Amino acid sequence: MYLILGFARTGLSTAQFLHAREIDFAVWDGDPLRMSKAESLGYRIFESDLTESITHIVVSPGIPLSDPIFDLFKGKDISILTDTLLFQQFTPPQAKFIGVTGTNGKSTTTALLTHTLREQGIKAYMGGNIGIPVFDLPLDGEVYVLELSSFQLERAAPHKLDVACWINFSSDHLKEHGTLENYFAAKQKIFHNAYIKIFGIDDDYPNKWQGDAIHVHLNDPEFKDYAHPYLKGQHNLQNILMTFHILKNLGLSKDQIIKGMETFKGLSHRQQYLGKKDCVRFINDSKATSAAAAQTALEAYDNNYWILGGKAKVGGIESLTPYFTKIIKAYTFGESSQEFAQCLSHHGVAVEVSETLDQAFEKSYSAAAKEKEDVNLLFSPACASFDQYKDFEERGEHFIRLVQRLFDDDGKAPLLKAAQS
């Protein structure tokens, strides 16, 4: 019998899949509301008297391995799985699996890979940490691209992968993993059962993975002076290089890969190119919920009318001062509007303050539209969204709607959402 630990999106998807195939399982979650939902769906709720019947535990990424429920199974021969690992048992034997991990860039690389494969007519699906539970995917795939977080890698035996890609490594998730060494150990499990290993070597972590792998670096001579139409910046170049080397090792030619990659317009809310009206390009980077995240956009784009603001993180935007020369004018809004305006003004940046995104957008576009040469209207808030929005996605959709109103309905409208689903 399977025990599904955690009944949020991943656990629910797994339960629905097993239930449809009449595979015996029970569900447990520490949240009473989720347990009520599981019970209302007719799923068996785990009780301690079922302990001896459990042979496999499918643990969701949000459940730590230190959870007391694991004490019930100490000393027992129990297989610990993630949904991504279990899913591989149900897919066609000829299906290929690509695993993608890294501290940054996982989602963009996963989506770019999937998009490029589909452009070649290959039946490719993506899932995992990117937000799509794998058990929601069809079972007829030729290639599955799995975004794998450190939690998914840590919690189970190594995934069997045709290609494993480790983009980069830097300090993160120390609260959950305890130490940087533990975090590194979790990440490196992506290579433990992989046929082809591809490893990014541009980060400055001193104890790099020492095993055999294809090393990828930003000064790759094959991509000297390369410019993707939509994915800008060094961080995106890293994602592009990883995608190229993965697909090259799967047998695609350089021309096929480049042609497929260049129709990818980016993930929603991550430096998402929305379109251009006259001399104004619109960039939706609502995912930039901190100064560090906004920095990648400011590194990638020059000549910016910058809209920023929301609920500020500790330190504000002081760390971004080296990039203020790239700003023509800034437009702040939300809870942090006055604080950010003071910082910008102190460093000689022209700035206007608004209460809402609507007001900031109207002011910024009115100014940008007067330009005679190309400029960017860059929405990269450098803030959490919770002062005025449910999350960064709701905030980004608001920005998209504001841009959309500027366009006609004659085929010139910008992309409303990245078409990678």
Side-chain angles (χ1 to χ4, degrees), residues 104-109 111-112 130-131 228-240 264-277 280-313 316-317 319-320 322-324 326-334 336-337 340 344 349 351 354 356-358 360-361 364-365 368 374-404 406 414-418 420:
N104 300 298
K106 295 185 296 295
S107 294
T108 296
T109 301
L112 180 59
I130 197 167
H228 189 280
Y230 308 107
L231 302 181
K232 306 299 183 182
Q234 291 288 89
H235 64 295
N236 272 321
L237 177 58
Q238 191 173 54
N239 302 330
I240 289 164
F264 179 75
K265 296 186 176 180
L267 288 171
S268 295
H269 317 305
R270 295 168 173 86
Q271 293 182 34
Q272 178 189 14
Y273 175 75
L274 297 178
K276 182 180 179 183
K277 188 172 180 66
V280 184
R281 292 182 296 244
F282 299 92
I283 311 297
N284 169 28
D285 193 34
S286 182
K287 181 69 166 62
T289 58
S290 67
Q295 178 177 323
T296 62
L298 292 174
E299 287 174 337
Y301 295 97
D302 299 315
N303 303 320
N304 298 303
Y305 285 84
W306 184 25
I307 302 176
L308 70 159
K311 190 174 184 63
K313 300 287 180 69
I317 57 170
S319 63
L320 298 177
Y323 304 95
F324 285 177
K326 294 188 166 197
I327 301 162
I328 299 171
K329 191 170 182 179
Y331 298 82
T332 64
F333 74 98
S336 63
S337 59
F340 283 6
L344 289 157
V349 180
V351 59
S354 299
T356 67
L357 176 57
D358 297 77
F361 181 84
S364 59
Y365 178 66
D374 287 354
V375 296
N376 302 301
L377 202 159
L378 174 63
F379 179 49
S380 189
C383 276
S385 58
F386 306 128
D387 59 334
Q388 296 181 353
Y389 299 93
K390 178 179 68 176
D391 51 33
F392 75 85
E393 292 169 323
E394 182 180 75
R395 178 172 68 184
E397 293 298 323
H398 184 189
F399 180 75
I400 289 171
R401 289 193 298 274
L402 293 172
V403 174
Q404 179 70 24
L406 302 175
L415 182 70
L416 282 180
K417 285 188 177 180
Q420 277 85 46

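Not measured: the values here are computed from a predicted model.
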- Nearest-0.5 Å distance that lies between atom CD in Glu397 and atom NE2 in His269: 4.0 Å

- Message: Working to the nearest 0.5 angstrom, can you tell me the gap between Asn303 CG and Leu377 CG?
- Response: 12.5 Å

- Paired with Ser107, the side chain to side chain contact (heavy atoms under 4.5 Å, CB included) test is passed by just one of Asn239, Leu267, Leu112, namely Leu267

- Item | Contact summary for Ala291 and Ser319, nearest pair of heavy atoms | CB-OG, 3.6 Å

- For Lys329, all residues meeting side-chain contact (heavy atoms from CB on, under 4.5 Å), sequence neighbours excluded: Tyr305, Tyr331, Ala350, Glu352

- Kindly indicate whether the side chain of Asn104, heavy atoms from C-beta on, has any atom under 4.5 Å from the side chain of His235. no

- Message: Which residues pass the salt bridge (charged side-chain N to carboxylate O under 4.0 Å, His left out) test with Lys232, not counting sequence neighbours?
- Response: none

- Message: Going by side-chain contact (heavy atoms from CB on, under 4.5 Å), name the residues that satisfy it together with Ser337, two or more places apart in sequence or in a different chain.
- Response: Thr332, Val353

- Exam field: side chain Ser364 to backbone Phe361, donor-acceptor pair closer than 3.5 Å: yes

- Message: List the residues meeting side-chain hydrogen bond (donor to acceptor under 3.5 Å, both in side chains) with Ser290, not counting sequence neighbours, and say none if there are none.
- Response: none

- Message: Keeping Lys326 on the side-chain end and Leu298 on the backbone end, is there a donor-acceptor pair under 3.5 Å?
- Response: yes

- Message: List the residues meeting ring-ring contact (aromatic ring centres under 6.0 Å, His included) with Phe324, not counting sequence neighbours, and say none if there are none.
- Response: His347

- Note on the structure: Looking only at heavy atoms, the pair that brings Ala288 and Ser380 closest together is CB-OG, 3.4 Å

- Task: Only counting residues at least two apart or in another chain, list the ones meeting ring-ring contact (aromatic ring centres under 6.0 Å, His included) with His228.
- Result: none

- Validation row: Lys276, Asp374 side chains within 4.5 angstrom (heavy atoms): yes

- Query: To the nearest 0.5 Å, how far apart are CG in Leu344 and CH2 in Trp306?
  - Reply: 6.0 Å

- Measuring from Leu308:CG to Ser336:OG, what's the distance to the nearest 0.5 Å? 6.5 Å

- Task: Report the distance from atom CZ of Phe282 to atom CD1 of Ile400, rounding to the nearest 0.5 Å.
- Result: 12.5 Å

- Item | Distance (rounded to the nearest 0.5 Å) between Asn284 CG and Leu378 CG | 9.5 Å

- Residue pairs meeting salt bridge (Lys or Arg N to Asp or Glu O under 4.0 Å), one or both in residues 284-299, sequence neighbours left out, come to none

- Listed partners of Thr289 passing side-chain contact (heavy atoms from CB on, under 4.5 Å), at least two apart: Lys313, Phe392, Arg395

- Message: Does Ile283 form a side-chain contact (heavy atoms from CB on, under 4.5 Å) with Tyr273? I'd like the steps, not just the answer.
- Response: CA-CA 5 Å; Ile283 311 297; Tyr273 175 75; 3.9 Å; yes

- Item | Closest contact, heavy atoms only, Pro381 versus Ser286 | CD-CA, 3.9 Å

- Kindly state whether the ring of Tyr230 and the ring of Phe264 have centres lying under 6.0 angstrom apart. no

- Task: Using side-chain contact (heavy atoms from CB on, under 4.5 Å) as the criterion, list what pairs up with Asn376, not counting sequence neighbours.
- Result: Arg281, Tyr301, Asn304

- Query: How close do Leu231 and Gly266 get, heavy atom to heavy atom, and via which atoms?
  - Reply: CD2-CA, 4.0 Å

- With sequence neighbours excluded, what pairs up with Tyr389 under the ring-ring contact (aromatic ring centres under 6.0 Å, His included) test? His398

- Message: Strictly by salt bridge (Lys or Arg N to Asp or Glu O under 4.0 Å), give each pair with a member in residues 377-393 just once, sequence neighbours left out.
- Response: none

- Message: The criterion is ring-ring contact (aromatic ring centres under 6.0 Å, His included); which residues satisfy it with Phe340, sequence neighbours excluded?
- Response: none

